[in-house]
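Scroll down for the structure; my scribbles are underneath it.
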Amino acid sequence: MLERFLPRSEFTSYEDFVENYSVTIPERFNFGFDVVDAWAKMDKNKRALVWCDDHGGEKILTFEELRVLSNKTANFLRNIGVRKGSVVMVILRRRWEYWVCATALCKLGAIIIPATIQLTAKDIEYRVTSADIDALICVNDDFVISQVEEAMPVLPKGKKRILVNGEREGWLCFDKEMEKCSADFSPPTGAEEQKNEDIMLIYFTSGTTGMPKMVKHNFLHPLGQIVTAKYWQKVQENKLHLTVSDSGWAKFGWGKIYGQWLCGAVIFAYDMDKFVPANLLRMIGKYRVTTFCAPVTMYRFMLQEDLLSFDLSSVERYCMAGEPLNPEVFKKWKELTGLSMVEGFGQTESTVLLANFDDWFPIKPGSTGKPSPLYKVKLLNEDGWECEDGEEGEIVITDLDKAFPVGLFRGYMDKAPLGGPDTKTYGLGDMAWRDSDGYFWFVGRNDDVIKCSGYRIGPFEVESALLEHPAVVECAVTAAPDPTRGQVVKATVVLAQGHTASKELIKELQDHVKKVTAPYKYPRIVEFVSELPKTIGGKIKRAEIRSTDMGEEYLGQD
């Protein structure tokens, strides 16, 4: 491992972990040179990436090959004007070239904006103009190309368009232009010299309640992902790790590049055309994946398959993030595989904030775990006071003026940076409560909490109850207006195969919730749908469901 960046390998307890965890921060850290090139220098044959797709494509890259390709790419991009601080949007799905481009842009000191292939022309226009993007690197996909070209006439002139794995008039061919360039590239100096506080990465949030915000991470952000990879996902050196995510999302940064390569793991990238549970399960067995991470929704759909017919014997750890872990999913997965699912929680703005660090404490199914040692996490009530055990409050990161956590975002574009005199705390907008053992239990987004007849009802608990019923494969619980109670609980339900919507099933689901949780939390309204509205990042658009019920216009972008 790259020992100079990693904390000591053993901690005797969770308290020891929290009190004594530290990361060595060099005067100038660059992930491209200090991690990718450092591994190449140590071992030219060390694998970095194993890539495959649904069409028989396969590519294996060593760190040495990645060093050479990223140097060539950096020279190509510099030749067309990309410099320190230039902003480049990359729409590459899970193509292996993403890792090459991300490393090259890091070496240049440029800013990468990862973007999903599901963006429309309107989305692209918004991002290019908001972030003043200098160039776009895109996968050779008909939809992506059509949306970029539709957006281009209304965008400022001079934006470079680069096409990966193909040629098209008006686009630079990545493969041809990169191959023309030298494999030698040295760290820029002088005015082009990169500093730790420079911005390396900008994510656009998923836009569940409004226009996406631009989240800024500096060049130290990868070091914050060590906790994510080493202590939560528990990746292993030279073993394959798979996090299921498109390169356009922060989850990709959590699980498919930074912390994993710092720990010497091999990234397994399955560039699927679409999520087909059986195909994903087959790939896990074929390539002998050791550690695996995916959203709970994917686990739910994989549980609809005959799980025992797939070879999952290589997997030693299952992690999940992106949405709360329902206890029923946890229970079923463990029954079938013998392994617990290990939950982690965080945001686009952070690395893992809360997790089940099960080296030091047992997992409580349904709990998000305990805070990462990087962050001072508190629960604050509506009056700003710290919550007592059992009391619901907003998850807040505090003391940012005293010790700014490595890995936390530096603020939103065009807003005051975090850590200043007026931004000593960062409130996540997520509600939770803490039990007497220090475990955090997720309740829901503050806007999602339902206020019914004086009661506060968290949607997650009701959703978890519904998911225990065999007829429910997916659901969203929201508030619906009620003239007497103010709000009532509504459940929007996707049925499992073999089940049909009926008044009898509605009554059965309502009675089931009354038995599993407090009777007043049962859904007074149940609606059956074929699918739930989701952002392009896969998060349920509860705000859209609420606004439909209230007769309002939904303002979410994604």
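The side chain to side chain donor-acceptor pair (under 3.5 Å) search around T24 returns none, not counting sequence neighbours. Taking the side chain to side chain contact (heavy atoms under 4.5 Å, CB included) definition, one finds that A229 meets it with Q233, V235, Q260, C263, sequence neighbours left out. Every side chain to side chain contact (heavy atoms under 4.5 Å, CB included) that D16 has, sequence neighbours left out, goes to R8, F11, T12, S13, N20. Annotation: side chain to side chain contact (heavy atoms under 4.5 Å, CB included) contacts of S350 (sequence neighbours excluded): W254, Q347, L353, Y375, L408. Qualifying side chain to side chain donor-acceptor pair (under 3.5 Å) partners for D198, counting only residues two or more places apart in sequence or in other chains: K84. In this view, R93 and D271 satisfy the side chain to side chain donor-acceptor pair (under 3.5 Å) rule, not counting sequence neighbours. Every residue two or more places apart in sequence or in another chain that forms a side chain to side chain contact (heavy atoms under 4.5 Å, CB included) with K364 is listed here: S367, D435, D437, Y439, W441. Residues meeting the side chain to side chain donor-acceptor pair (under 3.5 Å) test with D383, sequence neighbours left out: none.
Using bins of under 30°, 30° to 60° and over 60° for the plane-to-plane angle, the ring pair H217/H221 lands in the tilted bin.
What you find for Y126 and S130 is that their closest heavy atoms are O-OG, 2.6 Å. Nearest heavy atoms, A269 versus L49: CB-CD1, 4.0 Å.
Neither side chain, R67 nor T62, offers a donor N or O lying under 3.5 Å from an acceptor on the other. Under the 3.5 Å distance criterion, with hydrogens and angles disregarded, a donor-acceptor pair is assigned to the side chains of S70 and K107. A side-chain donor from one of K46 and N238 sits under 3.5 Å from a side-chain acceptor of the other. Under the 3.5 Å distance criterion, with hydrogens and angles disregarded, a donor-acceptor pair is assigned to the side chains of T517 and E461.
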Donor-acceptor contacts, no H, no angles, side chain residues 410-417, under 3.5 Å, sequence neighbours left out:
from, atom 1, to, atom 2, distance (Å)
Y412, OH, E349, OE2, 2.7

For residues 275-282, dump all side-chain donor-acceptor pairs below 3.5 Å to protein atoms at least two apart in sequence or in another chain.
from, atom 1, to, atom 2, distance (Å)
N279, OD1, R282, NH2, 2.5

TODO: With side-chain contact (heavy atoms from CB on, under 4.5 Å) as the test, would you mind laying out the steps for K41 and F63 before giving the verdict?
DONE: CA-CA 9 Å; K41 185 177 180 181; F63 279 102; over 6 Å; no
Open item on the list: Determine whether L262 and Q225 satisfy the following criterion, side-chain contact (heavy atoms from CB on, under 4.5 Å), listing intermediate values before the conclusion.
Closed with: CA-CA 9 Å; L262 273 155; Q225 297 289 9; 5.7 Å; no
Open item on the list: Before you tell me yes or no, could you show the steps for D311 and R288 under salt bridge (charged side-chain N to carboxylate O under 4.0 Å, His left out), namely the whole-Å CA-CA distance, both residues' side-chain angles and the distance that decides it to 0.1 Å?
Closed with: CA-CA 9 Å; D311 180 7; R288 310 300 294 166; 2.9 Å; yes
TODO: Dump the intermediate steps for side-chain contact (heavy atoms from CB on, under 4.5 Å) on I450 and V477, then the final yes or no.
DONE: CA-CA 9 Å; I450 303 160; V477 168; 3.8 Å; yes
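Not a single donor-acceptor pair under 3.5 Å links the side chain of E392 to the backbone N or O of W433. Remark: side-chain polar atoms of W99 are not paired, donor with acceptor, to backbone N or O of L61 under 3.5 angstrom. Side-chain atoms of Y299 never come within 3.5 Å of backbone atoms of M341 as a donor-acceptor pair (strictly under, hydrogens ignored).
Ring centroids of Y98 and F252 are separated by less than 6.0 Å, placing the two rings close together.
Rounding to the nearest 0.5 angstrom, the gap separating the CH2 atom in W333 from the CZ atom in R300 is 12.5 Å. For the atom pair CG (L418) and OG1 (T423), the distance works out to 5.5 Å, reported to the nearest 0.5 Å. The CG atom of D399 sits 5.5 Å away from atom NZ of K378, with the distance rounded to the nearest 0.5 Å. Atom CZ of R127 sits about 6.0 Å away from atom CZ of F204, to the nearest 0.5 Å. Once rounded to the nearest 0.5 Å, the distance linking CG of L240 with CZ of R47 reads 5.5 Å. A distance of 10.5 Å separates CD of E19 from OH of Y14, quoted to the nearest 0.5 Å.
Listed by first and then second residue, the ring pair (Phe, Tyr, Trp, His ring centres under 6.0 Å) pairs that reach into residues 335-354 are F345-F442, sequence neighbours excluded. Judged as a salt bridge (charged side-chain N to carboxylate O under 4.0 Å, His left out), not a single pair has a partner in residues 220-229 (not counting sequence neighbours).
You'll find the side chain of P222 reaches within 4.5 Å of the side chain of F29, heavy atoms only.
Ion pairing between a basic and an acidic side chain is recognised when a charged N comes within 4.0 Å of a carboxylate O; K195 and E197 show no such pairing.
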